[in-house]
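Here is the structure we will look at.
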Amino acid sequence: MTSTAANPKPETSLAHLSATDALAGFRSLDLSPVEVLEAQIQRIEEHNGDRATGINAFTETLFDSARAQARVAADEYVRLARDGGGAPALLGLSVATKEKHGIAGLKLEQGLAAHRGRVAPVDHPVVERLRAAGGIIHARTTSPEFSCATTTHSPMWGITRNPWNKQATPGGSSGGSGAALAAGFTTLATASDIAGSTRIPAGFTGTVGYKAPYGRIPGAGALAADWYRGDGPMGRTVADTALLAGVMSGRHHTDHGSWGENGINPLAAADVAGLRIGLSLTLGNYPVAPEIVENTLKVARALEAAGAVVVPVDLPWTTARITETTFAHFGHILGPAMATETAGTESELAAYTARFIKDAAAAASRHTLVESLAMDQALQTELAAAMAGLDALLCPTSAVASLAADGDYLDGIETAEGHLGHYWEAHLTSPFNVANRCPVVSVPSGLSRESVPTGVQVVGHPFDEAMAFRIAAAVENLVPGPGFPLLG
């Protein structure tokens, strides 16, 4: 693959400014929300490009309304400086939202021909909370059809490319969000995750992604009841991602599976001295590339140097078993929903979507729903046993250094470490959707030889968000990320 130039040092432009630094500048009046937004709009106009050759991170932009909101936010900071008082958590920050997070009156198509022209009747709970917290939605991000692939391309929206290497994918399904963050097109972004769709793009773009415990962040629609899924935040730093997680999380009256308080930032500390952290380089038998192994070991060594006890962990898992488990689940929930919603438009589906529906149906024919629950429970029990006596688990985010931006991988993937029967086996993420009460943060671990970032996952015990963020923040402090790509 041909790579773009990479910047190994942190980007200092307004467009790449962290949310926490931007908020400090807004409060002191040293910086205006208008300045940051305009810097990001300029980068979008210069570098996002078209759907054929550009980064192509967005389904649509909302610049006019965003500019108006930024001006209002700037005036509000002036008033607060004069009169005192506190500002909403995200006041004046740009947030790019995944297209599936519907905005009332705007399209909600999920990349599907069958949904062409469909409009959201109400705001998604995540959108509702972003707006209430003062966030400015200036753009909506791309995903593959029905968010069912780990690359981001579709006949409707074209190919979304990784700003680090335009031949490579930013991952999927929240690829547009990861690409936008890495490119400096937004300060924060929303994502979703049913098999790694937040963490995979975070890993491939050098950003941070959080998969919350099931129900911690409210969803919308019937598929919110799928216990593998969840919506989540992405940012360029752990603190930014925790800030957005606090805004998005908590019980919402429209989602009866949602729980907990709203507005609780899960990040409280970054000290790992005395913690016992499990290390699994392969989660059983994932064929992890040597450079990803080395970057993961680099993180583990840094944690040890900071006083943590790193404990090797073995898991009795195979990629084939995990794939069979997840597709047995999908075969009774997501697959039938996709088949129903796309009926009559099968000839217009992306190849990966048609294959997903087919694979899910085949797995459902082999296993009843009750049998799939038993398969889930077995993996959960094995993970609990492996993590007994530990504070968290560390493992790579993906097994491969990159995937092609336009790849379908219908016949699996050939790697130097072995053949992967299914492209989802290129990522070590889906076991933690099976064990979906576990919080997981993906944090950068380095850069591959292909100039594509690599990541590690910090997996907490069920519902222990604070520990997952604590260790993720320590990783970020101890192992500086790759910076951000230089866009030509």
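Position 1 is the first residue of the sequence; numbering continues from there.
Judged by distance alone, the side chain of R161 and the main-chain N or O of A57 form no donor-acceptor pair under 3.5 Å. At least one donor-acceptor pair closer than 3.5 Å links the side chain of D193 to the backbone N or O of T198. Checked by atom type and distance alone, the side chain of D391 pairs as donor or acceptor with a backbone atom of R276 at under 3.5 Å. Looking at E291, its side chain does come within 3.5 Å of a backbone N or O of R449 through a donor-acceptor pair. Between the N162 side chain and the A179 main chain, no donor and acceptor come within less than 3.5 Å of each other. A donor-acceptor contact shorter than 3.5 Å is absent between the side chain of R140 and the backbone of T97. Between the S249 side chain and the G246 main chain, no donor and acceptor come within less than 3.5 Å of each other. Using a distance-only test at 3.5 Å, with no hydrogens or angles considered, a donor-acceptor pair links the side chain of E346 to the main chain of G344. Looking only at distances, a side-chain donor or acceptor of S448 sits under 3.5 Å from a matching main-chain atom of V452. Here the side chain of R355 pairs a donor or acceptor atom with the backbone of L410 at under 3.5 angstrom.
At least one side-chain heavy atom of F484 sits less than 4.5 Å from a side-chain heavy atom of R236. The shortest side-chain heavy-atom distance between L223 and Y228 does not fall under the 4.5 Å cut-off. Residues H153 and P144 form no side-chain contact, since every pair of their non-hydrogen atoms from C-beta on lies 4.5 Å or further apart. L267 has its side chain out of reach of R470: every pair of non-hydrogen atoms, C-beta onward, lies at least 4.5 Å apart. The closest side-chain heavy-atom distance from P444 to E476 is not below 4.5 Å. W157 has its side chain out of reach of F58: every pair of non-hydrogen atoms, C-beta onward, lies at least 4.5 Å apart. For the pair T237/D240, a side-chain contact is recorded, criterion being any heavy-atom separation below 4.5 Å from C-beta on. Looking at Q457 and P396, their side chains never come closer than 4.5 Å, going by heavy atoms from C-beta outward.
Across all their heavy atoms, I55 and A183 have their closest contact at CD1-CB, 4.2 Å. Nearest heavy-atom pair across H101 and V127 is O-CG2, 3.6 Å. When every heavy atom of D231 is checked against every heavy atom of P218, the shortest pair comes out as OD2-O, 3.5 Å. Residue G209 comes nearest to A202 through the heavy atom pair N-CB, 3.4 Å, listed as atom of the first residue, atom of the second, then distance. In plain terms, the two heavy atoms of W227 and L373 that are nearest each other are CZ2-CD2, 3.5 Å. Between G219 and D255, the shortest heavy-atom contact is N-OD2, 2.8 Å.
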Legend entry - Full working for side-chain contact (heavy atoms from CB on, under 4.5 Å) between N433 and K211: CA-CA 9 Å; N433 296 90; K211 183 207 74 67; 3.8 Å; yes
Legend entry - Check against side-chain hydrogen bond (donor to acceptor under 3.5 Å, both in side chains), H252 and T254: CA-CA 6 Å; H252 191 279; T254 63; 2.7 Å; yes
Inset, instruction - Mind running side-chain hydrogen bond (donor to acceptor under 3.5 Å, both in side chains) on Y352 and E145 for me, showing each step along the way? - result: CA-CA 9 Å; Y352 58 78; E145 292 181 344; 4.8 Å; no
Legend entry - From CA spacing to verdict: side-chain hydrogen bond (donor to acceptor under 3.5 Å, both in side chains), Q377, T381: CA-CA 6 Å; Q377 195 269 339; T381 299; 2.8 Å; yes
Inset, instruction - Under the side-chain contact (heavy atoms from CB on, under 4.5 Å) rule, what do H16 and F185 come out as? Steps first, then yes or no, please. - result: CA-CA 8 Å; H16 275 107; F185 294 167; over 6 Å; no
Inset, instruction - Decide yes or no on side-chain contact (heavy atoms from CB on, under 4.5 Å) for L279 and T296, but give the supporting numbers first. - result: CA-CA 9 Å; L279 172 64; T296 305; 4.0 Å; yes
Inset, instruction - Decide yes or no on side-chain contact (heavy atoms from CB on, under 4.5 Å) for F463 and Y214, but give the supporting numbers first. - result: CA-CA 9 Å; F463 310 112; Y214 173 66; over 6 Å; no
Legend entry - Steps toward side-chain hydrogen bond (donor to acceptor under 3.5 Å, both in side chains) verdict (T141, S177): CA-CA 6 Å; T141 64; S177 293; 3.0 Å; yes
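Atoms OG1 and CZ, on T207 and R199 in that order, are 13.0 Å from each other to the nearest 0.5 Å. Note that OG1 of T152 is 11.0 Å distant from CG of L403, once rounded to the nearest 0.5 Å. For the atom pair CG (L349) and CD1 (I357), the distance works out to 5.5 Å, reported to the nearest 0.5 Å. One finds the CD atom of E371 at 12.5 Å from the CG atom of D376 (value rounded to the nearest 0.5 Å). The distance from the OG atom of S398 to the CD1 atom of I200 is 5.5 Å, given to the nearest 0.5 Å. Taken to the nearest 0.5 Å, the OG atom of S197 stands 11.0 Å off from the CZ atom of R229.
For the residue pair T323 and E425, a side-chain donor N or O sits within less than 3.5 Å of a side-chain acceptor on the partner. With 3.5 Å as the limit, one finds no donor-acceptor pair spanning the side chains of E99 and T59. Side chains of T160 and T142: a donor-acceptor N/O pair is present below 3.5 angstrom, by distance only. Judged purely by distance below 3.5 Å, without hydrogens or angles, the side chains of H329 and S372 never pair a donor atom with an acceptor atom. Using modelled atom types and a 3.5 Å distance limit, the side chains of T187 and S94 yield a donor-acceptor pair. In this model, no donor atom of one side chain and acceptor atom of the other lie less than 3.5 Å apart for N165 and S451. A donor-acceptor contact closer than 3.5 angstrom links the side chains of S445 and T454. For the residue pair T397 / S442, a side-chain donor-acceptor distance below 3.5 Å is found, with atom types taken as modelled.
Salt bridge status for D123 with R131: present, with a side-chain N to carboxylate O gap under 4.0 Å. Taking the charged nitrogens against the carboxylate oxygens, E294 and R301 do have a contact shorter than 4.0 Å, which makes a salt bridge. Using a 4.0 Å cut-off between charged side-chain N and carboxylate O, R366 and E324 make a salt bridge.
No more than 12 heavy atoms of other residues, nucleotides or ligands lie within 6.0 Å of CD in E261, so this atom counts as exposed by the packing criterion. Other residues, nucleotides and ligands place no more than 12 heavy atoms under 6.0 Å from the CG atom of D314. Open room surrounds NZ on K107; 12 or fewer heavy atoms of other groups in view lie less than 6.0 Å from it.
Relative orientation of the F356 and F327 rings is tilted, given thresholds of 30° and 60° on the angle between their planes.
When each of F330, Y286, Y409 is checked for a ring pair (Phe, Tyr, Trp, His ring centres under 6.0 Å) with W424, only F330 meets the rule. The side chain to side chain donor-acceptor pair (under 3.5 Å) with S173 is formed by just one residue from the set Q110, K100, K98; it is K98.
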